[in-house]
Participant: 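A single structure is presented below for examination.
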There are 2 protein chains.
Amino acid sequence: MAELYNMAGHLIRRLNQISVAVFTDHMAAAGIDLTQVQFAALSAIASRPGMTQAELAGAIAYDVTTLGGVVDRLASKGNIRRDISPRDRRARVLFITPDGDHLLARARPVVRALQDDILGGLDAEERAQLLALLRKTTDAGNSKSRAPLRTP
Amino acid sequence: MAELYNMAGHLIRRLNQISVAVFTDHMAAAGIDLTQVQFAALSAIASRPGMTQAELAGAIAYDVTTLGGVVDRLASKGNIRRDISPRDRRARVLFITPDGDHLLARARPVVRALQDDILGGLDAEERAQLLALLRKTTDAGNSKSRAPLRTP
DNA sequence: GCTCTTTAATATGCATGCTGATTATTGGCA
DNA sequence: TGCCAATAATCAGCATGCATATTAAAGAGC
């Protein structure tokens with residue numbers, strides 16, 4: 001079982017756990033009501049207004065079902081607007097509200113600042129190295145994750 | 001928003017997502033009914049029989065509440081036994097059953113094999129490097145994750 | 001021995017995250 | 001035009017994952 005601690009899956013789960021905890025703590029300290037997932041969604045919507053939920057899911061690698069709930073919460077908090085697409089009545093187009101925009105502006109510097117906290121034990125060079133490796137792995141693993149592309 | 005893709009938190013979430021998907025796929029292909037979390041718990045219980053739930057939670061960095069459900073499912077599937085501790089009637093001591101032991105024996109090689117799949121885009125040297133960095137970060141971040149050590 | 005605090009586990013509630021099924025709508029094609 | 005496969009979103013259901021509160025039991029200190 002000692003080997004468990006050296007397994008990629010286990011270490012990744014642990015790191016994600018730490019990452020989420022750091023995010024939650026910093027946001028709570030700043031008095032901002034946004035989860036990691038909600039922040040990512042809000043950022044994406046702000047950068048490309050009018051996205052549909054499916055497009056958003058693809059952009060940030062989420063499951064569409066999960067995203068439904070996330071979008072619901074953002075909408076009910078008034079951070080985004082969700083309208084029926086004029087071009088496809090099945091689709092919902094997403095827009096950030098002035099309220100959401102303001103919240104995002106407050107959140108952004110906090111999120112930037114906490115990134116280094118996630119990788120607490122590493123020096124600058126190691127952080128850069130880790131980030132590069134993470135990017136490379138996730139880019140390659142893209143096709144393997146079925147999150148945005150569900151197999152029927 | 002382009003910056004989002006380079007943020008540690010986002011990349012870690014993505015990698016964890018890939019990791020879980022790879023695990024799920026391989027286990028399903030092998031016809032083994034175990035999630036990543038259940039495998040970790042079962043491994044730990046096998047290596048140290050008689051652990052309490054709290055000890056198990058500390059050992060594999062889980063929240064005790066979450067672990068309650070995991071242990072429930074393993075017990076109801078017959079993979080572990082959960083007895084009241086003879087030394088502390090509040091505590092539950094955990095033991096793997098012959099059934100669970102057999103399942104674990106089948107699962108272990110599958111889990112070992114899928115590790116490399118998680119880090120698909122990396123060569124051997126990069127994998128070693130990434131694992132080393134993950135270990136270092138998680139060791140340092142230990143104190144930050146409130147999972148096993150909840151602040152009151 | 002009795003109270004007070006601590007501790008192990010559970011209950012409750014919210015937020016992901018995914019699978020499979022369903023509904024509404026669209027667009028292609030005979 | 002009418003049917004049919006594909007698509008957008010939702011619903012139901014299960015499994016994490018965490019915060020807060022509660023229950024039961026143990027232990028500390030007087």
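All figures in this text were calculated on a predicted structure; none of them were measured in a lab. Throughout, protein chains are lettered first and strands after them, A, B, ... in sequence-line order, and every chain is numbered starting at 1.
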Participant: Can you tell me if A:Gln53 touches the phosphate of D:dT10, counting only side-chain N or O atoms and a distance under 4.0 Å to OP1 or OP2?
Facilitator: yes
Participant: So, taking the atom named CG in A:Leu134 and the one named CG in A:Asp139, what distance separates them when rounded to the nearest 0.5 Å?
Facilitator: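 Going from the CG atom of A:Leu134 to the CG atom of A:Asp139 covers 10.5 Å.
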Participant: Just list the side-chain donor-acceptor pairs under 3.5 Å for residues 96-103 of chain B, sequence neighbours left out, or say none.
Facilitator:
{"from": "B:Thr97", "atom 1": "OG1", "to": "B:Gly78", "atom 2": "O", "distance (Å)": "2.6"}
{"from": "B:Thr97", "atom 1": "OG1", "to": "B:Asn79", "atom 2": "O", "distance (Å)": "3.0"}
{"from": "B:Thr97", "atom 1": "OG1", "to": "B:Gly100", "atom 2": "N", "distance (Å)": "3.0"}

Participant: What is the nucleic acid contact for A:Ser85, judged by heavy atoms within less than 4.0 Å: base, sugar-phosphate only, or nothing?
Facilitator: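 The residue A:Ser85 makes no contact with any strand.
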Participant: Counting any heavy atom closer than 4.0 Å, what does B:Val20 reach on the DNA or RNA strands: base, sugar-phosphate only, or nothing?
Facilitator: nothing
Participant: Choose from D:dA19, C:dA8, D:dA8 the nucleotide whose nearest atom is closest to any side-chain atom of B:Ala91.
Facilitator: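 Nucleotide nearest to B:Ala91's side chain: C:dA8.
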Participant: Check the distance between C:dG17's P and B:His10's NE2 and give it to me in whole angstrom.
Facilitator: 11 Å
Participant: For a quick check, with a 4.0 angstrom heavy-atom cut-off, what is the B/S/- contact string for nucleotides 22-28 of chain D, read 5' to 3'?
Facilitator: --BBS--
Participant: Take A:Gln36 and B:His10 through the side-chain contact (heavy atoms from CB on, under 4.5 Å) test and state the conclusion after the steps.
Facilitator: CA-CA 8 Å; A:Gln36 197 194 26; B:His10 184 71; over 6 Å; no
Participant: Please enumerate all residues that pass side chain to side chain donor-acceptor pair (under 3.5 Å) together with A:Arg89, with sequence neighbours excluded.
Facilitator: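 Side chain to side chain donor-acceptor pair (under 3.5 Å) check on A:Arg89 returns nothing, list empty.
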Participant: Could you give the CD-to-C1' distance, from A:Glu55 to D:dT7, as a whole number of Å?
Facilitator: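 Rounded to the whole Å, the gap is 12 Å.
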Participant: Could you check how far CE of B:Met27 sits from P of C:dT19, rounded to whole Å?
Facilitator: 16 Å
Participant: Do the side chains of A:Leu42 and A:Val20 join up, straight or via other hydrophobic residues, at under 4.5 Å, putting them in one cluster?
Facilitator: no
Participant: What is the distance from CZ of A:Arg13 to C1' of C:dT16, rounded to the nearest Å?
Facilitator: 15 Å
Participant: Whole Å only: how far is the CG atom of B:Asp72 from the P atom of D:dT16?
Facilitator: 11 Å
Participant: I want to verify a distance call: between C:dA8, D:dA8, C:dT16, whose nearest atom is closest to the A:Val70 side chain?
Facilitator: C:dT16
Participant: Is the phosphate of D:dC18 approached by A:Gln17 (side-chain N or O, under 4.0 Å from OP1 or OP2)?
Facilitator: yes
Participant: Under 4.5 Å between side-chain heavy atoms, hopping through other hydrophobics if needed: is there a path connecting B:Val37 to B:Phe23?
Facilitator: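 Yes: a chain of side-chain contacts under 4.5 Å links B:Val37 to B:Phe23.
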Participant: A:Leu34 has an atom CG; how far is it from atom P of C:dA15, in whole Å?
Facilitator: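 To the nearest whole Å, that distance equals 12 Å.
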Participant: Does B:Gly69 or A:Ala54 map to a spot on DNA chain D nearer the 5' end, using the closest nucleotide for each?
Facilitator: A:Ala54
Participant: With a cut-off of less than 4.0 Å, is there a side-chain N or O of B:Gln36 near OP1 or OP2 of D:dA15?
Facilitator: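 It does not, given that no N or O in the side chain of B:Gln36 lies less than 4.0 Å from OP1 or OP2 of D:dA15.
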Participant: What's the closest nucleotide to the A:Thr65 side chain, out of D:dA15, C:dC18, C:dT16?
Facilitator: C:dC18
Participant: Dump the intermediate steps for side-chain contact (heavy atoms from CB on, under 4.5 Å) on A:Arg82 and A:Gln53, then the final yes or no.
Facilitator: CA-CA 9 Å; A:Arg82 178 172 41 169; A:Gln53 290 185 200; 3.2 Å; yes
Participant: D:dT10 C1' sits how many Å from A:Arg92 CZ, rounded?
Facilitator: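 About 9 Å, once rounded to whole Å.
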Participant: Whole angstroms only, please: what is the CD-P distance between A:Gln38 and C:dG17?
Facilitator: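 The distance from CD of A:Gln38 to P of C:dG17 comes to 11 Å, rounded to the nearest Å.
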Participant: Taking OP1 and OP2 of D:dT16, is either one under 4.0 Å from a side-chain nitrogen or oxygen of B:Arg73?
Facilitator: yes
Participant: Among C:dT19, C:dT16, D:dA9, which nucleotide sits nearest the side chain of A:Thr35?
Facilitator: C:dT16
Participant: Can you tell if the side chain of A:Leu74 reaches within under 4.5 Å of the side chain of A:Leu34, non-hydrogen atoms only?
Facilitator: yes
